[in-house]
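Written below as structure tokens is the structure these notes are about.
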Amino acid sequence: MVSDLSYALDTFYFLVSGALVMWMAAGFAMLEAGLVRAKNTAEILTKNVVLFALSCVMFLLMGYSIMYPGENTGWIPNFGFGIGAENTAEAALSGAEDAPYYSMRSDFFFQVVFVATAMSIVSGAVAERMKLWTFLAFVIPMTAVIYPVQGYWHWGGGPLKELGFSDFAGSGVVHMCGAAAALAAVLQLGARKGKYNKNGSANAIPGCNLPLATLGTFILWMGWFGFNGGSELKVSDVGEANAVAQVFVNTNMAACGGAIAALLMSRAYFKKADLTMVLNGVLAGLVAITADPLSPSAEASVLIGAVGGALVFVSILMVDKFKVDDPVGAISVHGVVGIWGLIAVTFNNSEATLSAQLIGIAAIFGFVFVASSLVWFILDKTMGLRVSEEDEYDGVDISECGLEAYPEFSKR
Amino acid sequence: MVSDLSYALDTFYFLVSGALVMWMAAGFAMLEAGLVRAKNTAEILTKNVVLFALSCVMFLLMGYSIMYPGENTGWIPNFGFGIGAENTAEAALSGAEDAPYYSMRSDFFFQVVFVATAMSIVSGAVAERMKLWTFLAFVIPMTAVIYPVQGYWHWGGGPLKELGFSDFAGSGVVHMCGAAAALAAVLQLGARKGKYNKNGSANAIPGCNLPLATLGTFILWMGWFGFNGGSELKVSDVGEANAVAQVFVNTNMAACGGAIAALLMSRAYFKKADLTMVLNGVLAGLVAITADPLSPSAEASVLIGAVGGALVFVSILMVDKFKVDDPVGAISVHGVVGIWGLIAVTFNNSEATLSAQLIGIAAIFGFVFVASSLVWFILDKTMGLRVSEEDEYDGVDISECGLEAYPEFSKR
Amino acid sequence: MVSDLSYALDTFYFLVSGALVMWMAAGFAMLEAGLVRAKNTAEILTKNVVLFALSCVMFLLMGYSIMYPGENTGWIPNFGFGIGAENTAEAALSGAEDAPYYSMRSDFFFQVVFVATAMSIVSGAVAERMKLWTFLAFVIPMTAVIYPVQGYWHWGGGPLKELGFSDFAGSGVVHMCGAAAALAAVLQLGARKGKYNKNGSANAIPGCNLPLATLGTFILWMGWFGFNGGSELKVSDVGEANAVAQVFVNTNMAACGGAIAALLMSRAYFKKADLTMVLNGVLAGLVAITADPLSPSAEASVLIGAVGGALVFVSILMVDKFKVDDPVGAISVHGVVGIWGLIAVTFNNSEATLSAQLIGIAAIFGFVFVASSLVWFILDKTMGLRVSEEDEYDGVDISECGLEAYPEFSKR
Amino acid sequence: MKLITAIIKPHKLDSVREALAEKGVVGMTVTEVKGYGRQKGHAELYRGAEYQIHFVPKVQLQIGVDDNVCDEIVELIQSTACSNAIGDGKIFVSPIEHVVRIRTGETGETAL
Amino acid sequence: MKLITAIIKPHKLDSVREALAEKGVVGMTVTEVKGYGRQKGHAELYRGAEYQIHFVPKVQLQIGVDDNVCDEIVELIQSTACSNAIGDGKIFVSPIEHVVRIRTGETGETAL
Amino acid sequence: MKLITAIIKPHKLDSVREALAEKGVVGMTVTEVKGYGRQKGHAELYRGAEYQIHFVPKVQLQIGVDDNVCDEIVELIQSTACSNAIGDGKIFVSPIEHVVRIRTGETGETAL
Ligand SMILES: Nc1ncnc2c1ncn2[C@@H]1O[C@H](COP(=O)(O)OP(=O)(O)O)[C@@H](O)[C@H]1O
Ligand SMILES: Nc1ncnc2c1ncn2[C@@H]1O[C@H](COP(=O)(O)OP(=O)(O)O)[C@@H](O)[C@H]1O
Ligand SMILES: Nc1ncnc2c1ncn2[C@@H]1O[C@H](COP(=O)(O)OP(=O)(O)O)[C@@H](O)[C@H]1O
């Protein structure tokens, strides 16, 4: 039963979780700033700050109401605006079965920071060559419509929900969604100058600041406790509290598994501990467990994360073979491993079926990929996707932001 | 009614909020370290760590008791020491109307981190040329007396409270107060060498590490959820929980509005996305909403923040015209926009009156400006405000701290 | 009495505290990355990420069950595996005196991040010359057995508990334990090349990135609210809430005292504000109060922290005299000051006796030092402790990780 | 012997190095420098102020060569580093009187 | 032709560049260097240890000039860079035998 | 007068500086450079791709000296900087025609 206190506790829990997810925006910003070259750093920082701001505004204006229309209208949701009215104390304390048990505003706050996460994924993949303003133009349809529509399908009570698709905190709805939009972008955008040689081999373009990238990874790791932990949506009784605790433990253990697997793969292949792979392994572990951080045991979570970490290692090498140039590895980490996470749900959660998972994957990936390809195509024809070769060579910081990220430190 | 659990929840909410505000100290340190030149970085880091430590100690010894004397004694508060006794369980659970509903120590913890915020604002404005020890000497009267006295006027139940002045979380009490002390300092201290040319034009002195500045901004953004969210002072029933959630949402949306407005201004004027302006826009949005993050709708909060973001853009250009050299833009962000925030209260909060707001602004700004001018004057005559020209040229890191922040990286 | 809500609140409080302690991993990573030379940065980042992952896995598999066997079996605990079953709602709500009042999983989560803290301490002391893989091999016995055994002695209800040894949040169990293992390592490992001259004098080897080190210190400071605040283990009534609030306040004030004392020492000796000493002072204040952040007043906490800060200053100078090369000062901060913290307990906590504290110090330090010396010895004979002289000269980043942390910035 | 000092655009460094390696030039020393010339710098922004960056990043190669291959190498550098755009840089040739290989103490041409 | 190599204090770079530009010198190459000389370095601290920094940051200008303007330019640099304080730096003049402008292949004085 | 340009391994800088100071050399200018020579670079990793680093960090000393001490100083540098390992570096000696001390305007040998 909802009491003043349980309502307060669940709301507070939501707000704390939301603040942690908001913090992930800083994580993406630092991760990406660490993995690009110095000359493209200010631009990616700008992108990360502004995409967060734009995402929040668009989701406030339209996205939230599209994603949570309150009824299942099939694949096409009702379109609406705004975020509705707050719960009254009467409604909350009515004793009714379906009385709201946390603040609507806290729900919006929690949801809105997820949207920004999905957008941040795209940001990294198109780094170092896309026009800033074009990217920002893409944020608008993505966060106002594309993300909310597929979000509605599952979390908003739409057709995927009905089908039994299961994605606890968004391996699919958030991560794979972001990766699909990123892939659509990269395919139209092309690789960075100098990434691939004429003979097809790839060159390494090392990120300029690995402490920043590591900091970003730790920030994301911490924020993920809010991301997954908050997705239980309720903490206020023994069962729910136990569930949230299980989610925290599993989230952490999967990250650990991912890190160790990526490290061992790196040792096996290169005899070295490639830090960038370890960081990707952490993130892969986190993405993998996100689809179901509740059902597995802590030990199983280590394994799910470890498979994610191994997968990301292989995937990054493969993606390079296909000349898909993804400077931060976003497509592998969030896309490939997101799919793995969705499939892994079926191992521990008896209510999930493989077919429902596959349908969900196909629906989300297909829709987001096609819809964003279309948007990117239009943007290409109007604003243009790519900076000029000269601007790319000099760094997009100068051409897009007019400043340098590290003006005093000399560069190679 | 206060129960064991509601007392516990409100206390815990206060402590979490306080920890988030404490985290803002890191935000200011990173922001300022990113916006100064490499040769002045270690000093500003030292300043930020030590000002926090000193502020906490002074507020413990005197400030808290001055700010919260428990009675309205007019413009001059009772002076006292210490932080008083903790609530007893009996008192809390007495069922009395005015029974304490959270721990006194959690209140002190929350308040003490605010003081440090006000001091941090000063730190940035005087960067790159003030003597470290003089600055630290200023911290003592500022946090033991000046800040607490004006804090008492409003939050301590003093005359501004009586007048109906309304400042929810401190656009005036904290931010404008810090900015007033900063302005007093800068006017006596003068501009950095090389900032203004003989013909009156200003030179840009770019900050050396924009990723750090961006990280600092994100930290502040996150910490602000504690700053504003905690200022509701209570979360433990439906109404309060809804209020806290509204505060979180509005705080976030105002920051978004500020970022977008500053970006658009920058594009309109320079055709570029000036990252440093966007960061200032975020902070401006946050400062603007701080005076009342509860009454406006989420949409209105976007606008309040956006006006703040636009204002900070204009203000920074203007301040430079007046040859007030403020390396991090603190006077514009916290002072000018703080005033805007206080005035904006009257648009959404029917209990606030423009006259009360203006009186409050005049009282706080006037008192802090005059009192700190006096302190700066005395410090100038005794310890001296400014490092020697040679030390300024070589960087204050060597002269004040005896070390370098980035000893291995070569500098221009 | 345990209710659904109190159980939920205590669990949530534990999880939030645990997330803050997990965040300390980022703090150690940044602190250490800032205090080593650029050429050894990627390796120490890798080490910090992987040690966290490995610690969590080993503690999950064995450590937790060794540390909390549920009964006092003398100095040798029962060995077991796994983390046991979660509480049922029935048990929690049974009304029994000893009904579990928070989730077992949340307890595991909180405990597991402590282990990683102890390991991180070792990581800094052996920086810049130890083989990465040897270090990682050491993590396994340390976190699976050595740490849990001594942890059991006190927190697991073992013989030190019985003796009346008192260590609230781990000045001894965590910090001194880590320092003892670090000392064992450094004695076998030897100093960095170029650290000591033939005439016995020591050279300074400045850390390359003090903003990172400062950020790390702030992160640790923030995380420590979880570390100490969560160690009260319960928040859900007036008395407990007051206690947690007191812990937050005292933790903060001790850090402030440490910073100020280290600053004043630095000014007295060198006439400069040595930032690295101030940072160590903050950490020393935190370590000092950790043994008892509840009993002292806020003012006494300032003093306890200040003695810690002064002690760390002296200790770092002394340690160098003995040619114990500890690049980040871990042995002084966590070991020497940890002992001070344990002794200081007796000043404010009437239940603690000096003899019990001394026995506890001797037991923990002795056991950990001997056990880890043995492990280091075996590792030395098998894998080798130290990288080759050439690899040390070129930096361990290239030899161990195959990459550079700052590839674009030129180095002295 | 001659010392060839070539100031080139940074992104030409790899092609020049490869071209020289093919011709058997096994040694060179590279410095990051900033150039000022016909190619002007660019305006930068900082918190609402525009200002002029006068210097452009360049790379300087120093190559000690035998007299008789000097011209050939200068030409090779010129043709490889040339992008026909302003700011391509300069090559200076100056005399060296004496060369020592530190490792062996060898002097003269064999030391190169 | 001559190569003027001037080592100056970093904060004098802008005035020297401007003075030279007024005299029509349109090209130069700048390197960040560290100097050791009569001007000693300074002591630094690090976690309680004091140690000596022997080198002072300087800026090195390299300017290829025509023989007949060389003296004038050297004098201009000297007078502009001089602050009468120790550590003001040195100017070296050495011969250049050959100059090429990479963009055009021009050689000799017109290439400067 | 001569300009000695020595390219050495970075960790030899301190010993060379000390050795020279003992011999009374009071001035030098140091630049961080990267070298390419017999000593090859090394492979590095980045997110699963291996790639080649061709240049090795070196330090370049420039020392203006009087003709009659030149040989002695070159020898001293050679012997101090030598570690008998590949990549120890080179010393080039070239002529200087003119030297100015900026602070005083002194020229010639007294300016060194
Ligand atoms: N007189 C000079 N002395 C030394 N370096 C010069 C001189 N003139 C040009 N340079 C260098 O050559 C670079 C290219 O010169 P610039 O005049 O911009 O283009 P271009 O050689 O194509 O006309 C400059 O950036 C500078 O580093
Ligand atoms: N013999 C030399 N060879 C090369 N550079 C020198 C020499 N002597 C001085 N320098 C450079 O000139 C700078 C200034 O020299 P210094 O002796 O400190 O001052 P001053 O020239 O005013 O007597 C030094 O820092 C160094 O870079
Ligand atoms: N011909 C050259 N011109 C300029 N610098 C050179 C030349 N040859 C070698 N160097 C410099 O000397 C360094 C050492 O040369 P290297 O061939 O590696 O070793 P060694 O001199 O011991 O045979 C190189 O890294 C490069 O900086």
Side-chain angles (χ1 to χ4, degrees), chain B residues 4-5 7-12 14-16 18-19 22-23 25-26 29-30 33-34 41-43 45-46 48-50 52-54 56-57 60-61 82-83 86-89 92-93 102-109 112-113 132-133 209 212 215 400-410, chain C residues 3 5-6 9 12-13 16 20 37-39 206-211 213-215 217-219 221-222 225-226 229 235-242 244-246 248-249 252-253 255-260 263 267 270-276 278-279 282 285 298-299 302 406 409-412:
Chain B
D4 262 320
L5 270 174
Y7 186 98
L9 179 57
D10 282 329
T11 296
F12 183 55
F14 239 176
L15 293 173
V16 171
M22 177 267 152
W23 183 223
M30 294 303 113
T41 302
E43 195 257 1
L45 292 168
T46 309
N48 271 282
V49 175
V50 177
F52 186 89
L54 265 182
C56 288
V57 171
L60 170 72
L61 294 181
I83 57 173
E86 183 54 276
N87 303 316
T88 61
L93 303 175
Y102 53 72
S103 152
M104 284 294 97
R105 292 291 175 270
S106 68
D107 182 63
F108 169 72
F109 180 66
V112 77
V113 288
L132 173 64
W133 303 102
N209 195 331
L212 269 195
L215 175 65
E400 305 299 282
C401 299
L403 43 71
E404 293 173 62
Y406 304 101
E408 287 187 49
F409 303 105
S410 51
Chain C
S3 66
L5 270 174
S6 76
L9 178 58
F12 182 54
Y13 146 78
V16 171
L20 285 173
R37 284 166 289 176
K39 64 183 177 184
C208 70
N209 195 330
L210 296 193
T214 307
L215 175 64
T217 303
F218 271 119
I219 292 175
W221 192 334
M222 191 205 200
F225 294 119
V235 71
S236 64
D237 64 36
V238 172
E240 296 291 352
N242 284 345
V244 174
Q246 184 76 46
F248 268 66
V249 169
N252 190 56
M253 296 314 307
C256 297
I260 294 171
L263 178 79
R267 180 168 165 91
F270 303 114
K271 311 226 173 312
K272 304 266 173 177
D274 180 341
L275 170 61
T276 56
V278 172
L279 300 181
V282 168
E299 288 84 356
V302 175
Y406 304 102
F409 302 106
S410 51
K411 279 139 230 157
R412 265 192 204 161

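First the proteins, then the strands, lettered A, B, ... as listed; each starts at 1.
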Which residues share a side chain to side chain donor-acceptor pair (under 3.5 Å) with B:Ser106, sequence neighbours left out: none
Distance-minimising heavy-atom pair for C:Gly207 and B:Pro407: O-CG, 3.1 Å
Rounded distance [0.5 Å steps], NZ in C:Lys272 versus CG in B:Leu132: 11.0 Å
Winner by heavy-atom pair count (cut-off under 4.5 Å) against chain C, out of B:Phe14, B:Tyr7, B:Tyr102: B:Tyr7
Part of C:Leu215 within contact of chain B (heavy atom distance under 4.5 Å): both
Interchain contact, B:Ala92 with chain C, by part (heavy-atom threshold 4.5 Å): side chain
Gap separating the CH2 atom of C:Trp221 from the CE atom of B:Met22, nearest 0.5 angstrom: 5.5 Å
Heavy-atom proximity to chain B below 4.5 Å, by part of C:Asn252: side chain
Test side-chain contact (heavy atoms from CB on, under 4.5 Å) applied to C:Asn242 and B:Arg105, step by step: CA-CA 7 Å; C:Asn242 284 345; B:Arg105 292 291 175 270; over 6 Å; no
C:Phe248 side, atom CZ; B:Phe108 side, atom CZ - distance, nearest 0.5 Å: 14.0 Å
Contacting moiety of C:Leu279, where chain B heavy atoms sit under 4.5 Å: side chain
Heavy-atom pair of closest approach, residues C:Glu299 and B:Gly82: OE2-CA, 4.2 Å
Heavy-atom closest contact (B:Ala405 atom, C:Pro211 atom, distance): O-CD, 3.8 Å
Heavy-atom pair count under 4.5 Å with chain B, highest-scoring of C:Leu5, C:Val238, C:Leu210: C:Val238
Pair C:Phe225 and B:Phe109, ring centroids less than 6.0 Å apart: yes
Contacting moiety of C:Met253, where chain B heavy atoms sit under 4.5 Å: side chain
C:Thr214 side, atom OG1; B:Met30 side, atom CE - distance, nearest 0.5 Å: 5.5 Å
Spacing of C:Leu263 atom CG and B:Leu54 atom CG [to the nearest 0.5 Å]: 8.0 Å
Distance (rounded to the nearest 0.5 Å) between C:Leu9 CG and B:Asp4 CG: 11.0 Å
Contacting region of C:Thr217 [heavy-atom separation from chain B under 4.5 Å]: neither
Chain C contact via B:Leu212 - side chain, backbone, both or neither, heavy atoms under 4.5 Å: side chain
Part of C:Ala298 within contact of chain B (heavy atom distance under 4.5 Å): both
Pair B:Thr11-C:Val244, side-chain contact (heavy atoms from CB on, under 4.5 Å): steps then yes or no: CA-CA 9 Å; B:Thr11 296; C:Val244 174; 6.0 Å; no
Engaged part of B:Glu86 at the chain C interface, taking heavy atoms whose separation is under 4.5 Å: side chain
Side chain / backbone / both / neither for C:Glu240 at chain B, heavy atoms under 4.5 Å: neither
Over all atoms of both residues, closest heavy-atom pair of B:Ala8 and C:Val235: CB-O, 3.0 Å
Ring center gap for B:Phe409 and C:Tyr406 short of 6.0 angstrom: yes
Most chain B-contacting option - heavy-atom pairs closer than 4.5 Å, from C:Pro206, C:Ala241, C:Cys208, C:Gly285: C:Cys208
Selection from B:Thr88, B:Val50, B:Val113, B:Val57 maximising heavy-atom pairs under 4.5 Å formed with chain C: B:Val57
